[in-house]
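What follows is a single structure, written as structure tokens, with notes after it.
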Amino acid sequence: MSIPTNLPLSIVVVGYKMARELPRTIRSLSPQFQRGIDAADYEIIVVDNGSPCPPDETDVRQWSANARLIVMEQATASPVAAINRGLDEAKGAVIGVFIDGARMASPGLLSAALGASQIHPRAVVGTLAFHLGPDVQMRSVHAGYDQLVEDALLAQCRWEEDPYHLFEISVFAGSSAQGWFTLPSETNALFLHRGHWREIGGYDSRFITPGGGLANLDIWERLCSDPTARIIMLLGEATFHQFHGGIATNNPQSPWQIFHDEYVALRGKPFTPPQNDPLLVGRLPPAAKSSFDRSVAIATHTIPPHPRDPVARPCSIATGQRGFESCIPPELLAGIQNGVLHSRYRDVPFLKSPFDIALYMQFFSRKNFHTVIEIGSKFGGSALWFADLMSNHGRDNPRVVCVDIKPLASYTDDRIIVLTGDASNLKACLTSDLLAGLRHPWLVVEDSSHFYEQSQATLEFFHDWLQPGDYIVVEDGIVTHLTEEIYRRYENGPNRAVSDFLLKYPASYQLDTEICDFYGRNATYNPNGWLARV
């Protein structure tokens, strides 16, 4: 196929083991389904990233006559190298990237992206993402959603007659949960001018974890942080993720911590989503009306932004039922969280909220703790602080025991024991001999992954060890109230674990509401998370 040198648009689509999904994606991008753009105005570059049975050129041309194939001979677990290979070979003045070949496109996406790119010489054009099915696929897979269910759903909606029907069988992806009027934490169809791609060097090749880790979030955040760029979101056009057993979206065990560790190692800071106000360009097709109405309701605070998040049952306390809501306004939490992520104690990262710093100080003044066991210690800033709190309150020979799957403490302290271990299997590192030698009262701090499974496992493990007068604090249930999409992945894990634990052991624990509500109802990052063993 001869490719003109003055081609307006190129699309790079990366696929790996997507024999079912990739043909649909390419067909959705083909001239057969895309509107307002001629076949001669764009090319589709399909990059196979090491599939055991890759498509051949004939397959790709059948999906779309203006598509061509690149097969990576030295494929890597990360798609980054494949993306950059596609960028190198693209001929278009504007180049769009689909990092995930399982994402179908709405029919006006390409013409809208090409038009939006002409608004500004450094236009950064993005789209919202949807998941096919009744819920985000990280959850729907647990309810039986699979490829067969999805095939039936696609056939029923007759997307080939009008691809806008895809809006009717999908929900906002986690990255786009705030709706049409808020910048998402990533985009799965990203369009830049060729020179802009060349300037930034494509995707960062140092992201080598399977699936690319946070490479897609990273490039979006960096582009959105560029004051010379113009961020444009396409209104009414989107991508739709098909179920395919992906490393992140369809993985029942989230790889977030691995991905985030790689990001921190490369960028030297925790990931925070961009906060810009984008220019919205496009129109709203009738099939997307329900998603538009939902976005308006979110923007006007008529409904909470994430109603599909798993709900924690109210806790039973002496005065009745108590929910996990916090009096801290969500709009205030965003600023507080930014400070938390950058706070330090004795020049060590110390990720505690100002509320909980004050509450723990009250706590240690009232309780005669001799031992703190912290599950999830990371850099060790809070362990050092806990040790100092006990020393400053006159505790003789205080002991802090830290457990982390990857401890990063760079200091040594005779009061602190640092262990490598997993919250899901604490008995492997917290042996009976070790625990039997620790003086009570204990304060156990569950601050591991913030996922339900790890929080629940920590609570269950310590149930057999805690004595009356000991405390266990489940941290960071506030994640469900933080507005940024990044926190949706925890699926309200800490609060659900607390709720289920108290339901199972109602006579063994008492919620310390005096601490929880010291500055206002659940004015803490640990709502209903301060539990006394009785």
Side-chain angles (χ1 to χ4, degrees), residues 9 11 36 94-100 103 105-106 108-131 167 170-193 195-197 199-200 203 214-241 271-285 288-301 305-306 330-331 334-335 337-338 482-488:
L9 178 65
I11 309 297
V94 173
I95 307 173
V97 168
F98 280 52
I99 190 173
D100 184 353
R103 295 183 183 267
S106 59
L109 189 147
L110 297 188
S111 61
L114 191 58
S117 69
Q118 308 310 310
I119 293 174
H120 193 277
R122 293 177 64 77
V124 175
V125 181
T127 60
L128 291 191
F130 286 71
H131 283 191
F167 281 111
S170 60
V171 299
F172 284 123
S175 61
S176 301
Q178 296 285 330
W180 291 105
F181 310 122
T182 303
L183 193 68
S185 61
E186 68 174 319
T187 181
N188 291 283
L190 171 61
F191 299 81
L192 305 177
H193 288 279
H196 203 164
W197 280 115
E199 175 191 321
I200 65 172
Y203 278 62
L214 300 192
N216 204 46
L217 284 79
D218 169 73
I219 198 168
W220 179 242
E221 189 277 331
R222 288 190 289 122
L223 287 165
C224 291
S225 299
D226 180 0
T228 69
R230 188 67 174 99
I231 313 303
I232 303 172
M233 292 298 300
L234 300 182
L235 182 64
E237 306 296 339
T239 63
F240 303 87
H241 187 266
F271 174 77
T272 54
Q275 301 294 320
N276 312 57
D277 290 325
L279 173 66
L280 300 178
V281 173
R283 63 179 188 85
L284 201 72
K289 182 181 183 299
S290 63
S291 68
F292 181 85
D293 291 342
R294 173 172 167 74
S295 302
V296 171
I298 292 171
T300 57
H301 306 290
H306 309 288
E331 59 271 19
Q337 179 67 356
N338 184 60
L482 293 167
T483 56
E484 294 85 350
E485 180 277 333
I486 188 175
Y487 300 107
R488 304 282 69 72

Using 0.5 Å steps for rounding, measure from the [atom1] atom of [X] to the [atom2] atom of [Y].
{"X": "Ser175", "Y": "His131", "atom1": "OG", "atom2": "NE2", "result": "6.5 Å"}
{"X": "Glu186", "Y": "Glu221", "atom1": "CD", "atom2": "CD", "result": "12.5 Å"}
{"X": "Ile231", "Y": "Cys224", "atom1": "CD1", "atom2": "SG", "result": "4.0 Å"}
{"X": "Leu110", "Y": "Leu9", "atom1": "CG", "atom2": "CG", "result": "6.0 Å"}
{"X": "Leu128", "Y": "Leu183", "atom1": "CG", "atom2": "CG", "result": "9.0 Å"}
{"X": "Arg230", "Y": "Ser117", "atom1": "CZ", "atom2": "OG", "result": "14.0 Å"}

Pairing residues for Leu190 by the side-chain contact (heavy atoms from CB on, under 4.5 Å) criterion, not counting sequence neighbours: Val124, Thr187, Leu192, Trp197, Tyr203, Ile219, Trp220, Leu223
Looking at residues at least two apart in the chain, or sitting in another chain, which of them share a side-chain contact (heavy atoms from CB on, under 4.5 Å) with Ser295? Phe172, Trp180, Phe181
Show your reasoning for whether side-chain contact (heavy atoms from CB on, under 4.5 Å) applies to Leu109 and Thr239. CA-CA 9 Å; Leu109 189 147; Thr239 63; 4.1 Å; yes
What pair of heavy atoms forms the shortest contact from [X] to [Y], and how long is it?
{"X": "Ala177", "Y": "Arg294", "result": "O-NH2, 4.4 Å"}
{"X": "Ser185", "Y": "Phe271", "result": "O-CZ, 4.2 Å"}
{"X": "Ala123", "Y": "Ile232", "result": "CB-CD1, 4.0 Å"}
{"X": "Glu237", "Y": "Ala112", "result": "CG-CB, 4.1 Å"}

Test item: Ser176 side-chain N/O and Ala129 main-chain N/O as donor-acceptor pair under 3.5 Å: yes
Treating Asp226 as the side-chain partner and Thr228 as the backbone partner, does any N or O pair qualify as donor plus acceptor under 3.5 Å? yes
Mind telling me whether Phe191 and Phe98 have parallel, tilted or perpendicular rings, with 30° and 60° as the class edges? perpendicular
Could you check whether any side-chain heavy atom of [X] comes within less than 4.5 Å of a side-chain heavy atom of [Y], counting everything from C-beta outward?
{"X": "Pro184", "Y": "Met233", "value": "yes"}
{"X": "His193", "Y": "Pro121", "value": "no"}
{"X": "Asn188", "Y": "Ile99", "value": "yes"}

Before you tell me yes or no, could you show the steps for Phe240 and Ser106 under side-chain contact (heavy atoms from CB on, under 4.5 Å), namely the whole-Å CA-CA distance, both residues' side-chain angles and the distance that decides it to 0.1 Å? CA-CA 8 Å; Phe240 303 87; Ser106 59; 4.0 Å; yes
